[in-house]
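Below is one structure; the comments refer to it alone.
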Amino acid sequence: MIKNLVIVESPAKAKTIEKFLGNEFIVRSSFGHIVDLNSKKLSVDVEQDFAPQYEVSPDKKKLVTELKKMAKEAELVWLASDEDREGEAISWHLFNTLGLKAESSKRIVFHEITKTAILNAIEHPRSIDKNLVDAQQARRVLDRLVGYELSPLLWKKVKPSLSAGRVQSVAVRLIVEREEEIKNFESVSYFRTLAEFQIQGKKGQTIIAEYSERFKSAEEAETFLKKQVSGLFSVHSVEKKPGKKSPAPPFTTSTLQQEASRKLGYSVANTMRIAQNLYESGLITYMRTDSVNLSDLALNTTRAEVEKLYGSEYVKTRRFKTKNKGAQEAHEAIRPTYIDRTSIEGSREVKKLYDLIWKRTVASQMSEARLEKTNVEIQSTEADKMFVAQGEVIKFDGFLKVYSEGTDEENGDHPEGLLPEIHKGDDLNLIQMSTTEKFTKHPARYTEASLVRKLEELGIGRPSTYAPTISTIQKREYVVKEDRQGTQRKFQEFVLKDGKVTAKTGSEMTGNEKSKLFPTDIGTLVNKFLMQYFDNILDYNFTAHVEKEFDAIADGQKEWNDMIKNFYGPFHDKVEDTLNNSGKFSGERLLGTDPKTGKNVYVKIGRYGAMAQIGDTDSDEKPAFAGLQKDQSVETITLAEALKLFAFPRSLGEFEGAEVTVAIGRFGPYVKHNKLFFSIKKDKNPSSLTLDEAIEIIHEKREAEKNKIIKSFKEDDKVQVLNGRYGAYLTIDGQNYKIPKDKEAASLSLEDCYEIAKDPKNLPKKRGFKKKK
DNA sequence: CAGTGAGCGAGCTTCCGCTTGACTT
């Protein structure tokens with residue numbers, strides 16, 4: 001007989017709480033939502049007040065059966081899902097699905113996993129807040145209607161299998177628009193002037209200052225420098241001002257992702273995987289949170305730790321308030337569970353992330369750094385404006401002590417950090433002055449992490465969806481994350497030294513990009529389509545606007561079905577109208593005419609992606625088609641490049657009595673020989689590939705094939721033991737089997753292989769998600 | 001995995017948020 005059954009959302013949380021509660025309580029987890037709308041259908045009854053048709057999620061069936069049984073046996077069931085919109089809905093679904101009764105179930109909430117918080121929650125149960133549940137239903141239904149009406153429209157008008165949604169489509173829009181800004185950006189050059197002086201009478205004491213005017217042209221810059229040949233320099237003013245710096249608040253999901261990207265180079269998904277690992281080992285608190293709040297327990301232990309490690313002058317207890325409006329704050333900030341664990345065991349990447357979290361948490365509870373800022377103005381007898389040098393000296397490091405231990409570039413020594421002792425009226429000797437051409441920079445492309453920051457700022461998406469959203473827009477091929485090589489750029493420079501001005505030119509790399517998000521042709525096209533017909537949903541304020549309505553529903557001021565009705569009417573009309581009254585949206589671009597045939601040459605997005613086309617679709621003759629290559633774009637491809645694509649398939653000659661051809665397929669360029677395909681690697685150009693090179697590619701592939709075979713059998717050539725991406729596996733007549741862990745792949749006999757194939761356990765499991773293409 | 005692209009039509013694709021494993025050839 002179970003006395004008390006407590007249900008929380010996360011199994012790791014269940015384990016911890018069970019320890020606090022003693023043996024009259026059993027704690028189980030729901031693993032998040034247990035019911036959802038069916039993914040194959042709309043599952044919203046538009047005619048019946050938008051009634052959602054919930055089903056137990058397929059992967060939760062077994063769990064629900066177990067929980068049902070336990071709930072029946074228990075005297076009291078405590079619904080302890082998170083204290084936010086989704087959490088309230090989870091409790092409500094548990095109540096309905098498990099068949100609970102009001103008199104034998106209670107709803108409790110806590111937003112930190114400490115003994116006091118839990119015991120306090122048990123003392124103050126409440127009932128399920130149906131208004132909050134309704135706000136969640138509105139959110140769920142709205143997202144379903146938008147996603148499941150817009151996506152099929154895209155399948156018809158643009159390309160199959162595409163998707164659109166309240167969150168992902170705005171993420172794509174941000175990236176597309178940033179790229180447009182960059183394309184339209186006109187870089188302007190200017191000249192920046194730096195001078196190095198020596199303080200008279202003080203050997204070796206130098207100071208570097210910048211002239212406070214930037215010159216627009218090389219002529220202006222050169223004239224200025226020539227004038228300075230006869231200049232006399234002295235200190236016009238020295239101003240010292242105290243300053244201070246305060247630590248950042250503890251981590252939320254979004255700030256953790258940003259910092260781990262900046263300082264450790266982790267992708268957003270990688271950070272979350274490692275954090276999950278730390279959480280499950282009990283080393284950090286929950287990693288999907290929008291709160292910067294620390295529990296009293298955490299504040300106290302951190303204070304003690306700071307005092308122990310650095311002394312009492314470094315202690316400053318702070319409570320941070322979240323500035324983020326959409327925050328629901330069901331959890332604490334991300335922090336080490338035990339702050340006195342200054343380091344942990346594990347892989348390098350796990351240790352580094354823990355270290356980052358530890359430092360950020362500790363620093364947040366330390367005193368501010370005190371600085372002294374110095375501003376020196378230097379005058380020239382030959383110039384109207386001042387040369388300025390700025391210095392910053394740390395008088396008391398405070399929280400910076402913790403950061404300076406790591407490899408943190410942001411707080412590394414600034415060259416202007418230290419200024420020599422200098423006074424008003426000091427005379428200065430000019431050592432050297434230079435004026436260098438610089439260029440204004442276009443706005444930065446998004447990284448995964450900076451995109452998350454922007455989404456959070458707009459209140460779009462939640463801690464649990466930032467990483468999946470970024471993966472979705474890449475999976476749909478709306479955006480790609482990649483490195484791109486920049487170009488060399490020349491710049492001019494004038495140097496004044498020993499009374500002479502010399503002109504120089506230099507060259508520098510510009511436009512190098514590392515792990516940045518670029519829109520693809522299809523991403524750009526889908527965005528254009530959605531902006532044309534559904535700009536209200538792509539509006540950066542759309543989410544903020546509906547969130548206000550969800551809040552009104554949660555406050556009981558609005559019925560959720562009314563809200564959905566008001567939205568759905570015009571939205572659905574627009575979907576229907578677009579469906580019936582607009583043609584295919586292919587982004588077609590006329591490049592020119594084919595010199596051979598005189599026919600028009602187009603590029604556009606088709607059923608299988610970007611393609612070039614010779615001839616008109618409505619003419620009697622069927623047009624010729626050719627797919628674009630991976631690195632080509634509908635936006636930038638030229639007529640000559642497009643025409644080249646039609647030179648395939650191209651015959652190279654004969655090899656071993658069969659024709660060798662080169663062509664470009666769905667997966668890039670390939671060589672075909674004897675009905676076999678051989679991919680051409682990126683370093684070779686298919687347009688200029690020779691027969692010899694093709695034969696070499698064939699030999700390489702054959703060699704690789706040979707190494708792939710661990711074992712084959714004369715008696716039955718259908719049976720092979722092969723080396724795959726995930727280790728050895730067995731294949732019989734095209735069907736693959738796993739090799740049990742207790743068997744050695746290389747020493748399998750033919751009988752062993754048959755034996756393995758008999759056991760259905762060794763069949764590869766079907767993937768949980770859909771196959772690619 | 002590799003011959004496509006109009007149109008015919010079958011059958012498929014798709015959302016956001018809450019949570020972990022299971023497991024890929």
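All chains are named by letter (A, B, ...) in the order of the sequence lines, taking the proteins before the strands, and each is independently numbered beginning at 1.
A/Ser29 comes within 4.0 angstrom of no nucleic acid atom, judged by non-hydrogen atoms across all strands. At the heavy-atom level, A/Thr472 lies under 4.0 Å from the strands shown only through sugar-phosphate atoms. At a threshold of 4.0 angstrom between heavy atoms, the contacts of A/Ala12 with the nucleic acid are absent. Within the 4.0 angstrom heavy-atom criterion, no nucleotide atom of any strand lies near A/Gln136. A/Leu37 comes within 4.0 angstrom of no nucleic acid atom, judged by non-hydrogen atoms across all strands. Within the 4.0 angstrom heavy-atom criterion, only backbone atoms of the sugar-phosphate kind lie near A/Asp82; the bases stay farther away. If you check every strand for non-hydrogen atoms under 4.0 Å, A/Ser163 touches sugar and phosphate atoms only. Note on A/Val146: nothing from the nucleic acid sits closer than 4.0 angstrom, heavy atoms only. Residue-level contact check: A/Arg166 touches the backbone only, with heavy atoms under 4.0 Å from sugar-phosphate atoms and none from bases. No engagement by A/Pro468 is indicated, since no non-hydrogen atom pair under 4.0 Å with the nucleic acid exists.
Side-chain N/O atoms of A/Thr465 include one lying less than 4.0 angstrom from OP1 or OP2 on B/dG17. Close to B/dC18, at under 4.0 Å from its OP1 or OP2, lies no side-chain N or O of A/Arg140. In this model, the phosphate group of B/dT19 is approached by a side-chain N or O of A/Tyr286 to a distance below 4.0 Å at OP1 or OP2. Between A/Ser151 and B/dT13 there is no side-chain polar atom (N or O) within less than 4.0 angstrom of OP1 or OP2. Taking only side-chain nitrogens and oxygens, A/Ser679 never comes nearer than 4.0 Å to OP1 or OP2 of B/dA2.
Rounded to whole Å, atom C1' of B/dC16 lies 13 Å from atom CG of A/Leu455. Atom pair A/Glu280:CD and B/dT20:C1' shows a separation of 7 Å (rounding to whole Å applied). The distance between atom CD of A/Glu547 and atom C1' of B/dG17, rounded to the nearest whole Å, is 12 Å. Separating the CG atom of A/Leu676 from the P atom of B/dG3 is a distance of 14 Å, rounded to the nearest angstrom. Separating the CD atom of A/Glu477 from the P atom of B/dT14 is a distance of 13 Å, rounded to the nearest angstrom. Atom-to-atom, CG of A/Leu94 to C1' of B/dC18 comes out at 11 Å; the value is rounded to the nearest Å. Straight-line distance from the CD atom of A/Gln276 to the P atom of B/dA22: 13 Å, rounded to whole Å. As a whole-Å value, the separation of A/Asp36 CG from B/dC16 P is 13 Å.
With A/Tyr478 as the aromatic partner, A/Arg476 does not meet the cation-pi criteria of under 6.0 angstrom to the ring centre and within 45 degrees of the ring axis.
A donor N or O paired with an acceptor N or O is found under 3.5 Å between the base of B/dC16 and the side-chain atoms of A/Arg139. The base of B/dC18 is not paired with the side chain of A/Arg288 by any donor and acceptor separated by under 3.5 Å.
Closest to the side chain of A/Lys60, from the set B/dC16, B/dC15, B/dT19, is B/dT19. The nucleotide whose nearest atom lies closest to any side-chain atom of A/Gln168 is, among B/dC18, B/dT14, B/dG17, B/dT14. For A/Tyr279, taking side-chain heavy atoms from C-beta onward, the closest of the listed nucleotides B/dT20, B/dG5, B/dC16 is B/dT20. In the set B/dA2, B/dC16, B/dT19, the nucleotide with an atom closest to the side chain of A/Phe677 is B/dA2. For A/Asp84, the side-chain atoms get nearest to B/dC18 when compared with the rest of B/dC18, B/dT14, B/dG17.
Stacking annotation: A/Phe31 is not stacked on the base of B/dC18 (requires ring centroids less than 5.5 angstrom apart and an interplanar angle below 30 degrees).
Taking the nucleotide of DNA chain B with the nearest heavy atom to each of A/Gly147 and A/Gln328, the more 5' of the two is matched to A/Gly147.
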Are any protein N/O atoms closer than 3.5 Å to N/O atoms in nucleotides 7-12 of chain B? If there are, list each pair with its distance.
none

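Tested against A/Ile460 for a side chain to side chain contact (heavy atoms under 4.5 Å, CB included), the candidates A/Thr465, A/Asn541, A/Val167 yield a single pass: A/Val167.
The side-chain heavy atoms of A/Phe655 and A/Ile698, taken from C-beta on, include a pair separated by under 4.5 Å.
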